[in-house]
Amino acid sequence: MKRNIYKFAVVLGMLSVGFILGNVLSTSADGVASGGSPGSADDPVVTKSYVDQQIQKALNGGLPVSNNGNAGQGSESGQTGNGGQSASKELQIVDVKVGEKLIAKGGTEFIVRAGKAVVHSPDENGISDLTDGKDIKNGQAVTNNHLLLFPRDGRGVMPDPGQKNGLTVMVRGNYEIQ
């Protein structure tokens, strides 16, 4: 019995000491930075636009960001003025007439919205249909509303030869019409 009272007294004493130390001693857990007050030279306040600009700069591999957010891409609309070429991170609507080819640069994405399209590729390799998870070879039909990725330059889509109308394609990235 004395042993239980002794254990109880020790536990109560330890709890009391812990409670007193916790309440009396001040800690730095009050949210104030130890390096200085907010807004000082040690802890500057930055704007959201500055942070957004630095994030874009990091995502673009260190390229400077213009006012419209397109890094090194010519005018505001994304047109570079190089004979129908385009460079943009935004989706653009492109109309492809019968007899023309929409040729992508590496990393460009297409979505065929209207018309019957077939793949154009100068070699035996094709393009990636990310929606179905398969490769589409040269001359094969493209399913509308599927996301297509062009891993290399020179591949593209064109209207099916048996079609009278052209194509409407959503494009993100660099392309040219031939």
Side-chain angles (χ1 to χ4, degrees), residues 33 35 38-39 43-178:
D43 186 17
V45 176
V46 296
T47 62
K48 180 184 179 302
S49 62
Y50 174 79
V51 172
D52 291 343
Q53 185 181 37
Q54 295 304 312
I55 290 171
Q56 285 298 334
K57 188 176 176 183
L59 291 175
N60 291 328
L63 294 175
V65 179
S66 64
N67 289 339
N68 63 1
N70 294 331
Q73 295 182 0
S75 69
E76 202 165 290
S77 67
Q79 297 295 326
T80 62
N82 294 337
Q85 290 185 347
S86 175
S88 177
K89 293 187 180 206
E90 297 178 9
L91 284 171
Q92 297 180 354
I93 307 299
V94 179
D95 291 319
V96 183
K97 298 180 178 103
V98 174
E100 294 180 335
K101 296 175 190 169
L102 183 59
I103 305 299
K105 303 294 181 186
T108 300
E109 299 172 343
F110 286 179
I111 300 174
V112 178
R113 294 288 293 152
K116 292 182 181 178
V118 294
V119 171
H120 165 76
S121 179
D123 54 24
E124 68 277 353
N125 295 318
I127 60 174
S128 299
D129 182 341
L130 299 179
T131 304
D132 274 345
K134 64 180 184 177
D135 285 338
I136 306 173
K137 303 293 183 191
N138 186 33
Q140 289 184 328
V142 174
T143 306
N144 287 10
N145 298 316
H146 281 216
L147 179 60
L148 308 174
L149 177 65
F150 294 81
R152 293 196 178 138
D153 294 356
R155 300 172 187 175
V157 295
M158 60 185 183
D160 188 308
Q163 179 174 292
K164 295 180 182 177
N165 298 325
L167 302 173
T168 302
V169 183
M170 294 171 57
V171 179
R172 179 179 320 204
N174 301 325
Y175 70 92
E176 63 182 329
I177 296 178
Q178 295 180 349

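As the structure is a prediction and not an experimental result, all values here were calculated from the model.
- The main-chain N or O of Asp160 is never found under 3.5 Å from a side-chain atom of Gln163 such that the two would form a donor-acceptor pair.
- To the nearest 0.5 Å, atoms CG (Asp129) and CD1 (Ile136) are separated by 4.0 Å.
- Using a distance-only test at 3.5 Å, with no hydrogens or angles considered, a donor-acceptor pair links the side chain of Asp153 to the main chain of Gly106.
- In this structure, the side chains of Ile177 and Val94 come closer than 4.5 Å at one or more pairs of heavy atoms.
- No side-chain heavy atom of His120 sits less than 4.5 Å from a side-chain heavy atom of Val157.
- The two residues His146 and Asp132 come nearest to each other via the heavy atoms CE1-OD2, 3.2 Å.
- Looking at heavy atoms from C-beta onward, Pro122 lies in side-chain contact with Arg155 at the 4.5 angstrom threshold.
- Between the Asn144 side chain and the Lys116 main chain, no donor and acceptor come within less than 3.5 Å of each other.
- The minimum heavy-atom distance linking Arg172 with Leu91 is given by the pair NH2-CG, 3.3 Å.
- With contacts defined as side-chain heavy-atom distances shorter than 4.5 Å, the pair Leu102/Leu167 does not qualify.
- A pairwise comparison of heavy atoms in Pro159 and Gly166 identifies CG-CA, 4.3 Å as the closest pair.
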For this session: Evaluate side chain to side chain contact (heavy atoms under 4.5 Å, CB included) for Asp135 paired with Ser128, printing each intermediate quantity in order.
Result: CA-CA 5 Å; Asp135 285 338; Ser128 299; 3.6 Å; yes
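- One N or O on the side chain of Thr108 and one on the backbone of Asn174 form a donor-acceptor pair closer than 3.5 Å.
- The shortest distance between side-chain heavy atoms of Met158 and Val118 falls below 4.5 Å.
- Applying the 6.0 Å contact sphere to NZ of Lys137 captures more than 12 heavy atoms from other residues, nucleotides or ligands.
- Rounding to the nearest 0.5 angstrom, the gap separating the CZ atom in Phe110 from the CG atom in Leu149 is 10.5 Å.
- Atom CG in Asp95 sits 4.5 Å away from atom OG1 in Thr168 (nearest 0.5 Å).
- Closest non-hydrogen pair, Phe150 versus Ala104, comes out as CG-CB, 3.5 Å.
- Between the side chain of Ser121 and the main chain of Asp123, a donor-acceptor pair closer than 3.5 Å is present.
- Closest heavy-atom contact between Leu147 and Thr131: N-OG1, 2.9 Å.
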For this session: Would you please test Asn145 and Arg113 for side chain to side chain donor-acceptor pair (under 3.5 Å) and show each step?
Result: CA-CA 6 Å; Asn145 298 316; Arg113 294 288 293 152; 2.5 Å; yes
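- A distance of 4.5 Å separates CE of Met170 from CD1 of Ile111, quoted to the nearest 0.5 Å.
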